[in-house]
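Notes to accompany the following structure.
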Amino acid sequence: MGITFGIPSNDGPDCVEVAIAPADATVHVRDSKDKRGAGLALSPAAWTDFVTHVTR
């Protein structure tokens, strides 16, 4: 994939890891406890909308 995921700062049950692809700024999200499971790829605009919504 060519990206490096950050290390989660919390070891709780609901952790995710986030990485930004350097080539196109796509934001990739995955479950920190299931690294081989399905991931989610978002455009920068979609990521911004998501973060805005969940931090309200």
Side-chain angles (χ1 to χ4, degrees):
M1 191 180 298
I3 59 174
T4 302
F5 283 89
I7 299 170
S9 62
N10 182 342
D11 202 22
D14 300 321
C15 294
V16 297
E17 297 174 337
V18 177
I20 299 174
D24 61 5
T26 300
V27 179
H28 296 266
V29 182
R30 69 181 180 188
D31 182 344
S32 62
K33 304 245 186 293
D34 185 11
K35 294 178 173 128
R36 293 182 184 208
L40 181 64
L42 301 165
S43 70
W47 176 252
T48 299
D49 289 346
F50 171 76
V51 170
T52 299
H53 178 76
V54 298
T55 57
R56 288 185 188 175

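The figures here come from the full heavy-atom set of this structure, side chains too, leaving out hydrogens, waters and symmetry mates. Each residue takes its place number in the sequence, starting with 1.
- We find the CG-CZ distance between Leu40 and Arg30 to be 13.0 Å, quoted to the nearest 0.5 Å.
- Applying the side chain to side chain donor-acceptor pair (under 3.5 Å) test to Asp34 and every residue at least two apart in sequence or in another chain returns nothing.
- Nearest heavy-atom pair, Thr26 versus Ala41, reported as atom, atom and distance to 0.1 Å: CG2-CB, 3.8 Å.
- Of all non-hydrogen atoms in Cys15 and Ser32, the two that sit nearest each other are CB-OG, 3.0 Å.
- Looking at heavy atoms from C-beta onward, Trp47 lies in side-chain contact with Val18 at the 4.5 angstrom threshold.
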